Structure formats: C-alpha cells, structure tokens
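Below: one structure, written as structure tokens.
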Protein chains: 2
Amino acid sequence: MRLSDTIEEFIKTMMAQDEQEIELKRNELAEYFSCAPSQINYVLSTRFTPDHGYIIESRRGGGGYIRVIRLRQKAEDLIHYLLNERIGDSIDLKSAEILLRQLSERGELTRGQAELMYSALTPQALSVPIPENMKDNMRARILRSMLLNAARKTMA
Amino acid sequence: MRLSDTIEEFIKTMMAQDEQEIELKRNELAEYFSCAPSQINYVLSTRFTPDHGYIIESRRGGGGYIRVIRLRQKAEDLIHYLLNERIGDSIDLKSAEILLRQLSERGELTRGQAELMYSALTPQALSVPIPENMKDNMRARILRSMLLNAARKTMA
DNA sequence: AGAATATCTGACCTTCTTTGACTAAGCGCA
DNA sequence: TGCGCTTAGTCAAAGAAGGTCAGATATTCT
C-alpha cells in the first residue's frame, strides 16, 4: 500500500474516534512515518480538500499545528455542488445574488450571512483597476472562501 | 499552548476582574512564568497594541511599572475611525485579522461575522494574478464594504 | 513500451516565538 | 551633583513550526 494511503487512513482513524476536528503536528507525523514533512502536505492537498469534505487550517512558528476539519455530510454535498457546479472559477454578480438568495431561503445561510457575502462582491467592493473580465473570477474565489467558512457552522 | 498565549490570557484575566487598567511588574511576571523579561514586551507588542484596543504606559527605575489600559470608545467612533483612517485604501491581512478580532471581542460584531469577513480576505480568496501590492488595496475595499453592511444593521 | 499521472523527497522560504546581551531611565543617597 | 541601584526597552540571533515547488521515482493506462 502506498504511504499516502496509509497516512490518509491514519488521519481518518484519528478523526473517527475524536470529533470532527483534529490537530496534528506535521513534523511528528512525518517522523512517525519516516517521510519528508512535505509528504504530509501532499496527502492533505490530495485527500483532504473541500471536495472531499475537509477544511485545513494551520499555523507556523513555535507551537504551530495543522488542523483538519471534517464537514458534516450535508454540508459536504452542498459545498461540492456549489463549488463545482454553481460557481466554478467565475461567477457574475447577478448569479451570485440569486445563489445567495436561494441559500438563504433554503435556510442554508442566514439572511445576514447572505447579505454580508453579497456585500463583499459588489462593484464597490471590487472597484480596483483590473480588467473587468477578471472580476467574476475574483468573485468566484471570494465567494468560495466565504461559503467554506460558513459550511463549518450553519450549514449542517 | 504557547507561553505568549498564556501570558496574554493571564493579563486579560487580570483586567476582567479589575477595571480598565492594570499595572504589572515586568520582572515579577517574567519570574512567574520563568521566562526572559523581554518576553513580556513581546507579548505586549504583539497582543496589546492600539489596534488590539489597548495602550501601554510604563516607567523604569525603582518603583517602575507597566500599565496596560483598555481603550473604550463608542461604537460609532470606532467604526468611523476604522473606516476612514485605519483601513484607508490599504490594509494587510494580519492587521485586518487584528481589527476584526477586536470588533468581535468588543461585541460590535459576532464572532461568526468576523470570521466570515476574514475568510473573504485570505490569500486563497484573493489568489488572482494581480500584483501583490494591489491586494491590500482590494482587502481594504472589500472589508470596508462588509463593515458598512454590518454597521447599517447592528448599529443603525 | 511510452505517455500520463501519482507519489516522494529535499532544498529553500516564511512566520511566529523565545532568549540574551546591551541600552536607557528613574530614584535615593552621599 | 553624581553615583549606583532598580527597572524597563531594544534588537538581533536562535529556535520551532509549517509552506512551496521543482525534479526524481513509481504506477497506471493505452
């Protein structure tokens, strides 16, 4: 079996017992599996992505850590759909507005959240001197990032 | 847990009970936590700056002290200051994080709002191919737009 | 077999924390 | 006034994580 698969399983086992959230030390894990620390990043970036239902947070420096958060199934499905089908790598303001309204009506987001997200995508928010055609691309990224954040909480 | 975090908490606990203002002895504190005295300065300069809502006063020599004062401002004044002066047309991620954290600690924003706003400013959210120096400019606009949105409700 | 894809490693980078040597400022007393 | 404690401040270097990326290897697909 490949090392990556072993590490993946190991992490998933840790989460099974614990909660939906674990913290790990990159160097310790690498030490434990006698591999390069960057191998851990490889595993995380290929098997613990939002599409797989996970979110990663980390901190450097003394006392640093990597936190792996598992989304609940429903949130995972929704995020998968939103990121891949609905948003992709570009979304215009009007579509984003419609999407946010739907999410709020469906109760996936509070109205406040939806409005706050919308405010981050308006022309004023993005009134920087870059080509217009790049703005919908920015909207997509910003919206993704915010939806992932929300997925950890309300979307459940 | 990091020593710096422990010291930060310790100081905040002292303030919670007491009032808006406490006085501490650098050497005693360092002694108490078995660390270099300059560690105390590190904590103060990374966690008790005006951006964090505190100011520091101190005196050397016999009977010296360090005074930590929590600033209190009316919400409108704070928001006004942030929007017009502090954020201006550019703000880096770290500063934004600090400001959002302060707003949430003060109860001007919920923690969820602060985190949602933060997620719209991360490198992933802004990972578009534009010059780095323009990103802080974008952060400022996006953050302002979101704060205005929140302010219109909470503080209207 | 050859091309495409997936895995691993190592060198180098960035961020955050901790320590210690040296510096500066009040205070009290000769 | 000047000297010597008693404090606090500064800054650079060391330490402690984690991140990135290109290239070497290994697997899988056609």
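Quick caveat, the model's predicted, so the values are computed rather than measured. Every chain is numbered from 1 and lettered A, B, ... according to where its sequence line falls, protein lines coming before strand lines.
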With [X], which residues qualify under salt bridge (Lys or Arg N to Asp or Glu O under 4.0 Å), at least two apart?
X	answer
K74(B)	none
R141(B)	none
R152(A)	E57(A)
E85(B)	none

When you look at Y54(A) and T49(A), which way does the side chain to side chain contact (heavy atoms under 4.5 Å, CB included) test go after all the steps? CA-CA 5 Å; Y54(A) 295 88; T49(A) 67; over 6 Å; no

Check: A114(A) main-chain N/O paired with S104(A) side-chain donor or acceptor under 3.5 Å: no

Is a side-chain N or O of Q102(B) found less than 3.5 angstrom from the main chain of D51(B), in a donor-acceptor match? yes

Through direct or indirect side-chain contacts below 4.5 angstrom among Ile, Leu, Val, Met, Phe, Trp and Tyr, which residues connect to I98(B)? none

side-chain contact (heavy atoms from CB on, under 4.5 Å) against E105(B), all qualifying residues, sequence neighbours excluded: K12(B), R101(B)

To the nearest angstrom, the CZ-C1' distance between R2(B) and dT15(C) comes to 11 Å

Spacing of N41(A) atom CG relative to dT7(C) atom C1', expressed in whole Å: 14 Å

Check each residue of residues 25-40 of chain A for a non-hydrogen atom within less than 4.0 Å of any atom in DNA chain C, then write out the ones that pass by number, or none. C35(A), A36(A), S38(A), Q39(A)

What residues 43-50 of chain B contributes to the DNA chain C interface at heavy-atom separation below 4.0 Å is R47(B)

So, is K94(B) near the phosphate of dC16(C), with a side-chain N or O under 4.0 Å from OP1 or OP2? yes

Phosphate contact (dT18(C) OP1 or OP2) by Y42(B) side-chain N/O below 4.0 Å: no

Does a salt bridge link D92(B) with K135(B), judged by any charged N lying under 4.0 Å from a carboxylate O? no

Please indicate whether H52(A) has more than 12 foreign heavy atoms, meaning atoms of other residues, nucleotides or ligands, lying under 6.0 Å from its NE2. yes

Span of DNA chain D, from the first to the last nucleotide whose atoms fall under 4.0 Å of chain A heavy atoms: dA16(D) to dT28(D)

Solution key, residues 30-41 of chain A side-chain donor-acceptor pairs under 3.5 Å, sequence neighbours excluded:
unit_1, atom_1, unit_2, atom_2, d
Q39(A), NE2, S4(A), OG, 2.9
N41(A), OD1, R26(A), NH1, 2.7

Any salt bridge (charged side-chain N to carboxylate O under 4.0 Å, His left out) pairs touching residues 112-122 of chain A, not counting sequence neighbours? R111(A)-E115(A), E115(A)-K153(B)

When every nucleotide of nucleotides 24-30 of chain C is labelled 5' to 3' by its protein contacts under 4.0 Å (heavy atoms), B for base, S for sugar-phosphate only, - for none, what sequence of letters results? BBBS---

